[in-house]
Amino acid sequence: MALLAEIKRRRVGKVAIAYGAVAWAVTEVASVVLPALYVPEWAMTFLVIFLLVGFPIAMVLAWVFDVSATGIERTEPLPGAPPQMQFRTRAVFGVVVLVAMTGLGYLLYERGLGRAEAAGSPSSIAVLPFANLSGDAGKDYFSDGMSEELLNLLARVPGLKVAARTSAFAYKGRNVDVREVGKELGVETVLEGSVRQSGDQVRITAQLIDARTGFHLWSETYDRQMADIFAVQDEIATAIVYKLRIELAPKEQQLAQRDAAPTRNVEAYELYLQARAIWKRRGEGNLMRAVELYQSALSRDPGFARAHAALASAYVVLPGYSAEEGDEEKYLRMAEQSARQALALDPKIGEAHAVLAQINSERGNLLDAESGFFFAISLEPNEPTPHHWYSILLQKVGRLDAALEQARRAYELDPSAPVLASNLASVYLMRGEDEQALNFSRLAGELGIISGATEGIDATVAMRRGQWDESKRLLLAQEHLPAELKSKVADFVDAVATPAKRPAVVAGLRAVDPKVARQVDLLQPYLQLGQNDIAFQIVEDSLADDRMAWSRDWSVTKAWGPEATGFRKDPRFAKVAERIGLVDYWKQYGYPDRCHAGTGDVALVCSS
């Protein structure tokens, strides 16, 4: 009670209340005004610390001095108070000041720094697909390319979170409120725009919008020649970094800009974008057309490293779509040559490293393929192709969980590519997730995958569900199916449905003319019919002729689907796996899902 009486006598309480009120008001105003004036964030921190340090000083001054009608006077101790009581009173007062200072600090932080941080500079952005206003739907590749280039540039900026391409490009062609986009993607700002191309002139409009309020933060229109297209992309990215007040270290100032334009020839760049769009659709005709466009681009600029890498990507996938027999090694050599040309020009192109890794995968060099894909992805984590091909390698070695992760990542980075949706469908099919497999198979068709590319997936799901007539229809729709085998489709499906019919059907398949289809080409039907002995005999015969036949003539991927459960659980499969180098890979990088290392002479044991 003596302390309260002394505080009241010295009027310290009034000073404390007045100081707290003023400090609170100052921080309230500063938390709103300072960010709006783009004052550095440390200014708010300095203000709060200044006000906190000033509080005990004000309290000490209020205790020692008083303001009266005659001026500032020193407050005398209570008459007759013993020195011991005066000391205890001052000590308790010091504790009270510290407690009050803690409370004031919390208040100033919550109402000052906390609000300033909440109202501070945005640190996340989504780049929506730029609208094509050229009047030619065939120019979509150019406007989409503009959006992708800006997204890739902004993704390099430390401290700026950029929404994945799959999320942003899902809004293409949709009229959605920007505030809804911000909520759905979890970003504070949205970049949208348009591209209008006419001859060698291009008009690019870019708008940066606050997704929290819907108000424009920045807008600019660029009327330039096509030759300046890369400079415009750099200007837009730099303007966004500045507008968002992202503070970069001196070494990071140029991260929103390229070290150099990918090509000085705008015509070569346009040809490259056209080829890229066609390449995504796959199919022999599309791939050959993409090769022609890439070659045309390179004829205009032989130093266009990314075009060399893209050409290598086209070559490396061609064997899977070409009707020409024995062309695998020819295209792989061409792919390797183009990839090495790209790396000679720019060693940091992840796509070129991914091509070399894919070549190793196709040739059965699994350890080199794994390390190659890891390096390619580390160089360009936002490039979908390395993730896609790496998922295929993981499917080969039975690591389906990891394969799904990589396939999903590839699709997220480029949801407009039908081949990525098709690959995702294949992974789901092997995992036995039939509904998801069908969803992505249909999506691949909607995106423009070549006819007949996904009917095998749909047919397998139909057979799993006992939809026999539908599975027959889908199998017959496969364009690559030889005419001589189409007559056997109905019997094959009936045999899957009725085990008693299998011996006759198997005999018919065994008698197929090798000129129509080799036995290794029929490995999947044998597995679906449960003919594991015949499957192993075919594998052994092919390996006896050529140790690398498994990587070229038949895919070990067939061993990981639900239909091949008995095949991979058979001890003979472990011996085949050891023979072709799979066990060496597993020892270093991990065993297949639901499988583990065996003991003694058994290299692999699978539970399912």
Side-chain angles (χ1 to χ4, degrees), residues 164-166 280-282 316-317 320-321 354 357-358 361-362 366 369-370 373-374 376-377 381 383-447 449-450 452-465 474 478 523-524 527-528 550-551 554-565 567-568 577 582 585-586 589-595 606-608:
R165 187 188 186 280
T166 180
K280 293 176 184 178
R281 297 199 292 267
R282 294 300 198 269
V316 83
V317 299
Y321 299 91
Q358 179 67 1
S361 178
E362 292 293 332
L366 301 180
E370 175 81 20
F373 283 128
F374 182 84
I377 291 171
E383 173 62 40
T385 299
H387 293 282
H388 174 209
W389 290 340
Y390 185 31
S391 79
I392 295 174
L393 170 66
L394 293 168
Q395 291 171 58
K396 284 184 179 181
V397 299
R399 296 172 58 196
L400 300 187
D401 291 345
L404 179 60
E405 180 182 350
Q406 291 298 320
R408 279 176 174 167
R409 181 58 180 154
Y411 173 74
E412 288 173 359
L413 291 168
D414 190 358
S416 66
V419 69
L420 301 184
S422 176
N423 180 54
L424 199 46
S426 297
V427 180
Y428 279 122
L429 185 74
M430 277 192 287
R431 290 168 57 87
E433 299 180 45
D434 295 344
E435 196 59 38
Q436 285 284 55
L438 285 179
N439 290 340
F440 281 96
S441 174
R442 294 188 188 110
L443 178 60
E446 293 169 3
L447 291 172
I449 196 77
I450 58 169
T454 58
E455 278 77 1
I457 295 172
D458 299 348
T460 299
V461 173
M463 278 191 281
R464 289 176 183 175
R465 293 177 172 180
L474 291 166
Q478 297 181 99
L523 193 58
Q524 184 64 29
L527 291 175
Q528 289 175 292
W550 70 273
S551 67
W554 53 274
S555 175
V556 73
T557 303
K558 294 179 173 65
W560 307 114
E563 289 77 12
T565 300
F567 181 76
R568 63 177 171 271
L582 283 175
Y585 172 93
W586 291 330
Y589 292 109
Y591 279 78
D593 305 325
R594 296 172 295 281
C595 299
C606 294
S607 59
S608 62

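Below, each value reflects all heavy atoms present in this structure, side chains not excepted, and no hydrogens, waters or symmetry copies. Remember, it's a predicted structure, so these values are computed and weren't measured experimentally.
- The two residues Leu420 and Pro384 make their nearest non-hydrogen contact at CD1-CB, 4.0 Å.
- Remark: Glu446 engages no residue in a salt bridge (Lys or Arg N to Asp or Glu O under 4.0 Å) (not counting sequence neighbours).
- A pairwise comparison of heavy atoms in Leu527 and Ala564 identifies CD1-CB, 4.1 Å as the closest pair.
- Listed by chain and number, the residues in a side chain to side chain donor-acceptor pair (under 3.5 Å) with Arg442 amount to none (sequence neighbours excluded).
- Taking CZ of Phe440 as the start and CG of Leu447 as the end, the distance is 10.5 Å to the nearest 0.5 Å.
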*Test Val419 against Tyr411 for side chain to side chain contact (heavy atoms under 4.5 Å, CB included), laying out the working first.*
CA-CA 9 Å; Val419 69; Tyr411 173 74; over 6 Å; no
*Could you please spell out the steps behind the side chain to side chain contact (heavy atoms under 4.5 Å, CB included) verdict for Ile392 and Ser361?*
CA-CA 9 Å; Ile392 295 174; Ser361 178; 5.8 Å; no
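- In terms of modelled atom types and a separation under 3.5 Å, the side chain of Trp560 and the main chain of Lys396 share a donor-acceptor contact.
- Residues satisfying the side chain to side chain donor-acceptor pair (under 3.5 Å) test with Asp458, not counting sequence neighbours, are Ser441.
- Contacts of Asp434 classified as salt bridge (Lys or Arg N to Asp or Glu O under 4.0 Å), with partners at least two apart in sequence or in another chain: Arg464.
- Using a 4.5 Å heavy-atom cutoff, the side chains of Pro592 and Val397 are not in contact.
- For Arg594, the side chain to side chain contact (heavy atoms under 4.5 Å, CB included) criterion is met by Leu400, Ser607, Ser608, not counting sequence neighbours.
- By the ring-ring contact (aromatic ring centres under 6.0 Å, His included) test, Phe567 pairs with Phe536, Phe573, sequence neighbours left out.
- When all heavy atoms of Ala462 and Leu474 are compared, the pair lying nearest together is CB-CD1, 4.5 Å.
- Take Leu404 and apply the side chain to side chain contact (heavy atoms under 4.5 Å, CB included) test, not counting sequence neighbours, and it matches Arg408, Leu424, Val427, Tyr428, Arg431.
- Between Ala354 and Ala376, the shortest heavy-atom distance links the atoms N-CB, 3.6 Å.
- Ser422 and Ala444 make their closest contact through N-CB, 3.8 Å (heavy atoms, listed as atom of the first residue, atom of the second, distance).
- Listed here is the closest heavy atom pair of Gln395 and Asn423: NE2-OD1, 3.0 Å.
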*Could you walk me through whether Thr460 and Glu563 pass the side chain to side chain contact (heavy atoms under 4.5 Å, CB included) check?*
CA-CA 10 Å; Thr460 299; Glu563 289 77 12; 3.7 Å; yes
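- When the side chain to side chain contact (heavy atoms under 4.5 Å, CB included) test is applied to Ala577, the partners found at least two apart in sequence or on another chain are Leu582, Val583, Trp586.
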*Give the C-alpha distance, both sets of side-chain angles, the deciding distance and a yes or no for side chain to side chain contact (heavy atoms under 4.5 Å, CB included) between Val317 and Glu362.*
CA-CA 10 Å; Val317 299; Glu362 292 293 332; over 6 Å; no
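- With sequence neighbours excluded, the residues that form a side chain to side chain contact (heavy atoms under 4.5 Å, CB included) with Tyr589 are Leu367, Glu370, Ser371, Arg399, Tyr585.
- One distance of note links CD of Gln528 with NZ of Lys558; it measures 10.5 Å at 0.5 Å rounding.
- For Thr565, the side chain to side chain donor-acceptor pair (under 3.5 Å) partners at least two apart in sequence or on another chain are Arg568.
- Qualifying side chain to side chain donor-acceptor pair (under 3.5 Å) partners for His387, counting only residues two or more places apart in sequence or in other chains: Gln406.
- A distance of 6.0 Å or more separates the ring centres of Phe374 and Tyr390.
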